[in-house]
Amino acid sequence: MAAKSAGSALDWGWNHSPATSAALVAGGAYTVATAGTVTGLPASHALLVATAGALAQVGADLYQHRPTGHTAARCAAWLTAGGWTAIVLENHTALTWGAAGWWAAGTAAGMTLARGLVRAEATARTERHQRKLQKWANKQAGEWHERLERLFRLEGHQVDGVRPWKGDVGYTVLVTMPSNTPELPADAVRKLAVDLRLPKGGGIQILDGDTYGQTLIRVTAVDVLAKVVDLPDGPEDTTVTSIYDGIPLGLKPDGEEARIAVVDECALVVGQTGSGKTNTVNTANAGALRTDNTVVMHIDVTGAGISLPWLHSWAVDGTANMPLIDWTADTIEEAHILCDTVIAGIAARKTGHQDLLTEDDKLTVTHDLPEVLVAVDEIAELTPGLLRKLDTIVNTGRAVRVRVLICGLRATQDVITAAMKKQSRVRVGMRVSDPEELSHLFPTGGGRINPKAAPYKGCGFYSSPDEDDVVSDPTAFKAYRITPKQIRALSVAYADRRPQLEPVFLDTEPALYYASRWGRILPRIYKAKQLAPTTTPYTGMDVLYPPVNEFTGIPITSSTEDDEDGNAGPRVVAASTATTTAPAGPQVRVGSDLLTTMLNAARPTPGPSSLDDSTGIQADFGRVIQQAGTPQNRPNPVPQLLADAHNAVVAAGGRMHTADLAALLEMEPLVLGAELGKLLREVNIERPGKGTVRAGKDNESKLGYTAETFAAAIRAYNLRDGQ
């Protein structure tokens, strides 16, 4: 498929200013006069066309309610152009200097007249709108003065103004209260809503004004949350923005835009299945990608669902010349590589950009030094090791403008880590059924939130720091609706403005695997699908795969790799079946047999002596239930079934479905699952993602195990036994 160039498309839109339109009419008149002179066109035809144009102008002006003087001026311009053309045709003088001079003077006069008329009409329309608005405000002020007096027996109050909201969804009434009644009674909201006969979804909000004694009455007359609000994507809505402007999510009940700030803060988005959380994440993607100073990365190990719509125009259609998403981690292993690169990039920025930290202790984001925003979807599917790395990014990346947008089904501790929740001052909670979930999410104001205030799909609550760095109470909003068709069109519009990571960020050891990332990722997410030629610059190179730690199954991206407890240790590398180029450094290669030997060597084998009751061993299939005696007499605490399963999964690449593992170990899948479940529960080890893993030739998601899970269980058995 040949790549299509978005930049060479012609604009056939009729986008002309009044002056250029007048020039086009004059040019048409000169063309008719010149051609008519050669072909013998009668002069009466020019007068006929000019008369028809004048009559059409009268009809258009009457329809648009233009002033009579303006209509007369436009008709005179038509007749003047027609008269000049008729004279030239009659005398055959189109190519003389005299005729050309009169034509040029008439054209200049017509352009000036057109520009002046349009400017005068725009001013007149504004004045008419202001008069109409003032008339409406005066009427509303009178009605509100009478309403407050009638409902609450107020005397001496004054309605100072009524201001309509954007989109005609409501208005605000400013009232100066009398000294003897400084505020409205407690039941004022209910009484006012009933008196105004507001629809469901509308409402009254009473707030304090700027000074004591002033009261703001906010009236929501239209249920904005019930509407489907499409993401604005007109030419004026796709202009280049900055991440400092915030990311728009949707509309608040008063029609104002709901925006979140992600320059200094991480964001947390939660919502139950079917609440519109994915749509909200894609809307946030659109806002971040509209900027020219933000690099967006994704982690979604359930199939890269949040990335595929944004990659389609580049990877399949070939209409975008570069990927909108800078990096997509579609597997646990790829997510480790991404996180290692980002963590190393954070450290590199802190040391490499010290000369830029003269006015502030935080970097200033530009196109050449962009913010890095890592969006993580379905965080409950990630392993504990990945969660710890994300915690590191959350805790250390603020000063160098590396932030994380975290998405999950709930905001509870079993889904979101403590660091993520505490460091995410931006909170977004989509529609939920239990008020307690919102109180878990929002630090203040959550207890007063009523989920019925945002009952529709795509609705939710959000809180974000304002310009003064004050976090507001949770506010209801309706997320913009963004469709795959819109995403593909925006991908083309936003491709050319995408920034690149600077050399300082990429001059690290883990970043060795950055350049060939798409060579690893695209074959997995698109399988045998034909890729567009636009992907060739990103895949036409040697694909690098990092070596894998035999014990943990985690890719090793640096010469000194930390273990799961954060302790640096020697690199133990598993051979890869793919062509790899590993970074230089001390390496120890071990196979499955050697690993078994190392595990069994953790304790000396007891000598051939008889055991009494005090040193006896009671065992179940694959699991030590009870043991006694001195440490020297104890057997290896790691059950043999667990060690065998770990060896098999490591040899298979770090992940394996239960059925495949059972076939390799010559056991029934149900029996194997039950026994391994007992072994893992014995040391309180849980499988991430409810036990599902992507493995096999087709990378299907089925019940299975990872080497990381078994490695954690082996360590737990050793620690429990004091080894």
Side-chain angles (χ1 to χ4, degrees), residues 163-172 198-205 218-239 241 243 245-262 267-291 305-306 309-310 375 377 405 407 426-432 438 449-464 466 472-491 493-494:
R163 180 177 61 85
W165 296 346
K166 180 181 178 181
D168 295 330
V169 298
Y171 55 91
T172 300
L198 294 178
K200 289 185 177 180
I204 299 290
Q205 186 180 19
R218 295 170 57 85
V219 182
T220 304
V222 177
D223 191 358
V224 175
L225 303 184
K227 296 182 177 180
V228 176
V229 185
D230 293 329
L231 178 73
D233 59 358
E236 69 281 1
D237 303 310
T238 57
T239 55
T241 58
I243 195 64
D245 301 330
I247 296 178
L249 294 183
L251 296 181
K252 295 184 286 187
D254 60 2
E256 295 295 325
E257 202 164 50
R259 286 178 173 263
I260 58 174
V262 292
L268 181 58
V269 181
V270 300
Q272 64 187 19
T273 303
S275 64
K277 174 173 63 67
T278 300
N279 178 80
T280 304
V281 173
N282 273 326
T283 301
N285 277 328
L289 294 171
R290 182 180 173 183
T291 70
I306 62 172
W310 296 100
D377 196 19
L405 188 150
C407 310
V426 176
R427 310 284 179 89
V428 180
M430 303 307 293
R431 184 184 64 180
V432 298
L438 294 176
I449 295 178
N450 181 7
K452 294 181 179 179
Y456 311 106
K457 183 176 181 179
C459 292
F461 298 88
Y462 86 102
S463 64
S464 179
D466 57 18
S472 61
D473 285 341
T475 304
F477 79 102
K478 179 62 175 283
Y480 287 130
R481 175 72 177 109
I482 183 170
T483 63
K485 183 179 179 180
Q486 278 182 300
I487 290 176
R488 294 179 187 181
L490 292 175
S491 298
Y494 295 161

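This structure is a prediction, so every number in the text was calculated from the model and none was measured.
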task: Report yes if the side chains of I243 and V262 come closer than 4.5 Å at any heavy-atom pair, otherwise no.
output: yes
Closest non-hydrogen atoms of V229 and K478, given as atom of the first, atom of the second and distance, are CG2-CG, 4.3 Å
Would you say the side chain of V426 lies within less than 4.5 Å of the side chain of L268, judging by non-hydrogen atoms? no
Residues D377 and C407: closest non-hydrogen pair is OD1-CB, 3.5 Å
Rounding to 0.5 Å, atoms OH (Y480) and CG (D233) come to a distance of 11.5 Å
Could you check whether any side-chain heavy atom of I482 comes within less than 4.5 Å of a side-chain heavy atom of N279, counting everything from C-beta outward?
yes
Taken to the nearest 0.5 Å, the spacing of K277 NZ from K457 NZ works out to 12.0 Å
Rounded to the nearest 0.5 angstrom, the CG-OG1 distance for D230 and T483 is 7.5 Å
Residues G287 and P248: closest non-hydrogen pair is CA-CD, 4.2 Å
Tightest non-hydrogen contact, residues F461 and P474, listed as CB-CB, 4.3 Å
K227 side chain reached by V222 side chain, heavy atoms, under 4.5 Å: yes
Is D245 salt-bridged to R259, cutoff N-O under 4.0 Å? no
When rounded to the nearest 0.5 Å, the distance separating CG of L249 from CG of L231 is 10.5 Å
OG1 of T273 to CE of M430, rounded to nearest 0.5 Å, is 13.0 Å
Applying side chain to side chain contact (heavy atoms under 4.5 Å, CB included) to T238 and not counting sequence neighbours gives L490, Y494
With heavy-atom distances below 4.5 Å as the criterion, would you say the side chains of V224 and K252 are in contact? no
Of all heavy-atom pairs linking L225 and A476, the shortest is CD1-CB, 4.1 Å
Of all heavy-atom pairs linking G305 and P309, the shortest is O-CD, 3.3 Å
d(T220 OG1, Y171 OH) to nearest 0.5 Å is 10.0 Å
### Task
State, yes or no, whether a side-chain contact exists between W310 and N282 at a heavy-atom distance under 4.5 Å.
yes
Would you mind reporting whether T239 and R290 have side-chain heavy atoms less than 4.5 Å apart?
yes
